[in-house]
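I have a structure here, written as structure tokens, and I will follow up with some questions on it.
Lettering follows sequence order; numbering is per chain, from 1.
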Amino acid sequence: MQLPVTDPVIVIVGPSAVGKTCLSIELAKRFSAEIISLDSRYLYRGMDIGTAKPTPAEMQGIPHHLIDIAEPDETLSLPLIQQQVASAIAEIKHRGNIPFMVGGTGQYVWGVIEGWLPPTAKPNKELRDILEKTAADVGAAAMHGYVALLDPEAAKKIEPNNVRRSVRALEVIFSTGELFSEQKRKDPPRHDFKIIGLQRSRQELYQRVDQRIEQMIAGGLLQETQNLLQSGYHSDLPSMTAIGYKEITQYLQKEISLEESVRLMKRRTRTFIRHQANWFKQSDERIRWFEMFPQVLTEVTAFISSNDGWTRNR
RNA sequence: GCCGAGAUAGCUCAGUUGGUAGAGCACACGGCUGAAAACCGUGGUGUCGCCAGUUCGAUUCUGGCUCUCGGCA
């Protein structure tokens, strides 16, 4: 199907368990599209069941990008994601296909669409370790105090208790000699974006989550987690803080019961869904929202084909 | 049937030496610029089981009733 713009990129967002994966694959078949995942947990190899990653069978031959691109002990960052997305878009267009960016990680979605240019200071492990150690000694408030001293603007935007953000601000200030607050630049990529939001009632999402988690347990999440642990991937890795792996690890290490671990998984996923709603707001005029009713595929197909809803970064 | 314990927020419970109440969880909401399923923050919840009595005033004390959970028969 032809679209009425020269450089289309379709974006599909929505909370966990809303049904993004399934719908986007159906849509991709209709539009000769390829899917670029913007999901921070699909990046890691070997983390399939707990992340509800689409299986090759579910993909139905639609090419997927940014899935399984890293080992669980790699730490990926927004600029890397942005680069990968840019090159995937270029390849897809080169093949004459349409890029569909699909995902629920707000930082990635807006970072890509708005073209965030994070501070130039790369994460500096040594410096970060020192700062974290200092934070542990002097406390969060004192750390925030240092930020306030060096960069009052930045300090205003960081909560006094948020050690992680204070540490990053100091890291940037120390390694660039520039203020953290002055390094928030944007350079939006020049595509025609159309952003589709998928929604369901909270109640329905919660039910789907509960069900999905039961299926994960039945489908081998324990074994998958065991495999990751045996490969030496432990709970201090960012990847292993993902919902499910963290709780199952606690169970496998006999810290909590399986029942408790499932309960915590469900709870944390619900909180996660609520927090996603902060990134993808009903009131955001860039997003066209669709309720996941049976006719949603038809509706979204019509919307994508239409002249409506294009935003062009210029 | 008898004995005991209990009945307070959606749930588990704390509490008021009598002046109509509070934690955790749940739920709702917010922030986020090189870790983001991370990290950090905000909020309201109620005929204190029912009916009487004592009292200026009872969720709190007393009596009865209802229900729940133990134990004994």
query = Does A/R286 pair with A/D284 as a salt bridge, N-O distance under 4.0 Å?
reply = yes
Inter-nucleotide P distance (B/G18, B/C72), Å rounded =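 Straight-line distance between the two P atoms is 37 Å.
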request  = For B/A14 and B/A73, measure between their C1' atoms and round to the nearest Å.
outcome  =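 Result for the C1' pair: 36 Å, nearest Å.
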message = Any side-chain N or O of A/R165 below 4.0 angstrom from OP1/OP2 of B/A35?
response = no
key: Separation between the C1' atoms of B/U45 and B/C29, rounded to whole Å   = 14 Å
task = Verify the contact: side-chain N or O of A/R164 to OP1 or OP2 of B/G34, cut-off strictly under 4.0 Å; return yes or no.
result = no
query = Using a distance-only test with no angle check, is there a side-chain donor-acceptor pair under 3.5 angstrom linking A/R30 and A/T301?
reply =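 Their side chains do contain a donor-acceptor pair, which is all the 3.5 Å distance test asks for.
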task = Check whether the side chains of A/Q250 and A/E260 place a donor and an acceptor atom closer than 3.5 Å, and report yes or no.
result = no
query = Strictly by modelled atom types, are A/E34 and A/H64 linked by a side-chain donor-acceptor pair under 3.5 Å?
reply =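 Their side chains do not contain a donor-acceptor pair, so the 3.5 Å distance test is not met.
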task = Pick the C1' atom in B/U66 and in B/G41, then give their distance to the nearest Å.
result = 45 Å
query = Using a cut-off of 4.0 Å on non-hydrogen atoms, how would the nucleic acid contact of A/W279 be classed: base, sugar-phosphate, or nothing?
reply = base
note = Base-pair string, RNA chain B, Watson-Crick plus G-U, cut-off 3.5 Å on both distances, | for inter-strand, is (((((((..((((.....[..)))).(((((.......))))).....(((((..]....)))))))))))).
query = Tell me: CG of A/L78 to P of B/A36, nearest whole Å?
reply =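 Rounded to the whole Å, the gap is 9 Å.
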task = Taking only the side-chain nitrogens and oxygens of A/Y206, find out if one of them lies under 4.0 Å from OP1 or OP2 of B/A28.
result = yes
task = Send over the distance from A/H275 NE2 to B/G30 C1', rounded to a whole Å.
result = 8 Å
message = Measuring to OP1 and OP2 of B/G31, would you say a side-chain N or O of A/K281 lies under 4.0 angstrom away?
response = yes
query = Using a cut-off of 4.0 Å on non-hydrogen atoms, how would the nucleic acid contact of A/L117 be classed: base, sugar-phosphate, or nothing?
reply =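 The residue A/L117 makes base contact.
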request  = Please indicate whether A/Q282 has more than 12 foreign heavy atoms, meaning atoms of other residues, nucleotides or ligands, lying under 6.0 Å from its CD.
outcome  =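 Yes, CD of A/Q282 has more than 12 neighbouring heavy atoms, counting only those of other groups under 6.0 Å.
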By side chain to side chain contact (heavy atoms under 4.5 Å, CB included) - contacts of A/L252 (at least two apart) =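 Result, side chain to side chain contact (heavy atoms under 4.5 Å, CB included) vs A/L252: A/T225, A/Q226, A/L229, A/I248.
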Distance-only polar pair, side chains of A/Q183 and A/T176, donor-acceptor under 3.5 Å =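 Side-chain D/A pair, A/Q183 to A/T176: present.
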request  = Could you tell me the separation between the CD atom of A/E171 and the P atom of B/A35, rounded to a whole number of Å?
outcome  = 8 Å
query = For A/R270 and B/A26, is the shortest distance between a side-chain N/O and OP1 or OP2 below 4.0 Å?
reply =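 It does not, given that no N or O in the side chain of A/R270 lies less than 4.0 Å from OP1 or OP2 of B/A26.
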key: A/Y42: hydrophobic cluster co-members (side-chain, 4.5 Å)   = A/M59, A/I67
task = Check whether any side-chain nitrogen or oxygen of A/N161 sits under 4.0 Å from OP1 or OP2 of B/C40, and answer yes or no.
result = no
request  = Assign A/Y108 to base, sugar-phosphate, or nothing according to its heavy-atom contacts below 4.0 angstrom with the strands shown.
outcome  =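 The residue A/Y108 makes sugar-phosphate contact but no base contact.
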message = Measuring only the C1' atom in each nucleotide, how far is B/G46 from B/U59? A whole number of Å is fine.
response = 11 Å
A/Q107 CD - B/A38 P separation (whole Å) =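 My rounded result for the distance is 12 Å.
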query = Does the side chain of A/Q82 come under 3.5 Å of the side chain of A/Y108 through a donor N or O and an acceptor N or O?
reply =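 No, no side-chain donor-acceptor contact under 3.5 Å.
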query = Reckon A/E132 touches a base, only the sugar-phosphate, or nothing at all at heavy-atom distances under 4.0 Å?
reply = base
task = Assess whether one donor atom and one acceptor atom, taken from the side chain of A/R128 and the base of B/A35, lie less than 3.5 Å apart.
result =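 Check passes, donor-acceptor contact within cut-off.
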message = Rounding to an integer number of angstrom, what distance separates B/U8 and B/A21 when you compare their C1' atoms?
response =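 It works out to 9 Å between them.
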ask   = To the nearest angstrom, how far is A/I81 atom CD1 from B/A35 atom C1'?
value =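 After rounding, the reported distance stands at 11 Å.
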request  = Indicate, with a heavy-atom threshold strictly under 4.0 Å, whether A/T51 touches base, sugar-phosphate, or nothing.
outcome  =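 Base, at least one base atom sits under 4.0 Å.
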query = With sequence neighbours left out, what residues match A/E299 under salt bridge (charged side-chain N to carboxylate O under 4.0 Å, His left out)?
reply =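 Partners of A/E299 by the salt bridge (charged side-chain N to carboxylate O under 4.0 Å, His left out) criterion come out as none, since no residue qualifies.
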message = So A/K246, base contact, sugar-phosphate only, or nothing? Heavy-atom distance under 4.0 Å.
response = nothing
ask   = Starting at CG of A/L170 and ending at P of B/C39, how long is that distance when rounded to a whole Å?
value =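 A/L170 atom CG is separated from B/C39 atom P by 19 Å.
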inquiry  = Checking side-chain polar atoms at under 3.5 Å, does A/S16 have a donor or acceptor matched by the opposite partner on A/R212?
reply    = yes
Contacts of A/K184 that satisfy side chain to side chain contact (heavy atoms under 4.5 Å, CB included) - sequence neighbours left out = A/K157
task = Quick one: label A/G50 by what it contacts on the DNA or RNA (base, sugar-phosphate, nothing), any heavy atom closer than 4.0 Å.
result = base
Which atom pairs link the protein and nucleotides 23-25 of chain B when you take only N or O atoms and keep those under 3.5 Å?
from: B/C25; atom 1: O3'; to: A/R267; atom 2: NE; distance (Å): 3.1

Atom-to-atom span, CD of A/Q82 to C1' of B/U33 - whole angstrom = 9 Å
query = When you compare B/C13 with B/A7, how far apart are their C1' atoms, in angstrom units rounded to a whole number?
reply =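 Approximately 12 Å lies between the C1' atom of B/C13 and that of B/A7.
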request  = Calculate the interatomic distance between A/Q84 atom CD and B/G34 atom C1'; express it in whole Å.
outcome  = 14 Å
query = Pick the nucleotide of RNA chain B nearest each of A/R168 and A/I243; which residue has the one closer to the 5' end?
reply =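 Between the two, 5'-proximity favours A/R168.
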key: Side-chain N or O of A/N162 closer than 4.0 Å to phosphate OP1/OP2 of B/C39   = no
request  = Considering only atom P, compute the distance from B/U33 to B/C40 and round it to an integer number of Å.
outcome  = 14 Å
inquiry  = Side chain of A/S77 only, heavy atoms from C-beta on: which candidate in B/G34, B/U33, B/C29 is closest?
reply    =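 Shortest atom-to-atom distance from the side chain points to B/G34.
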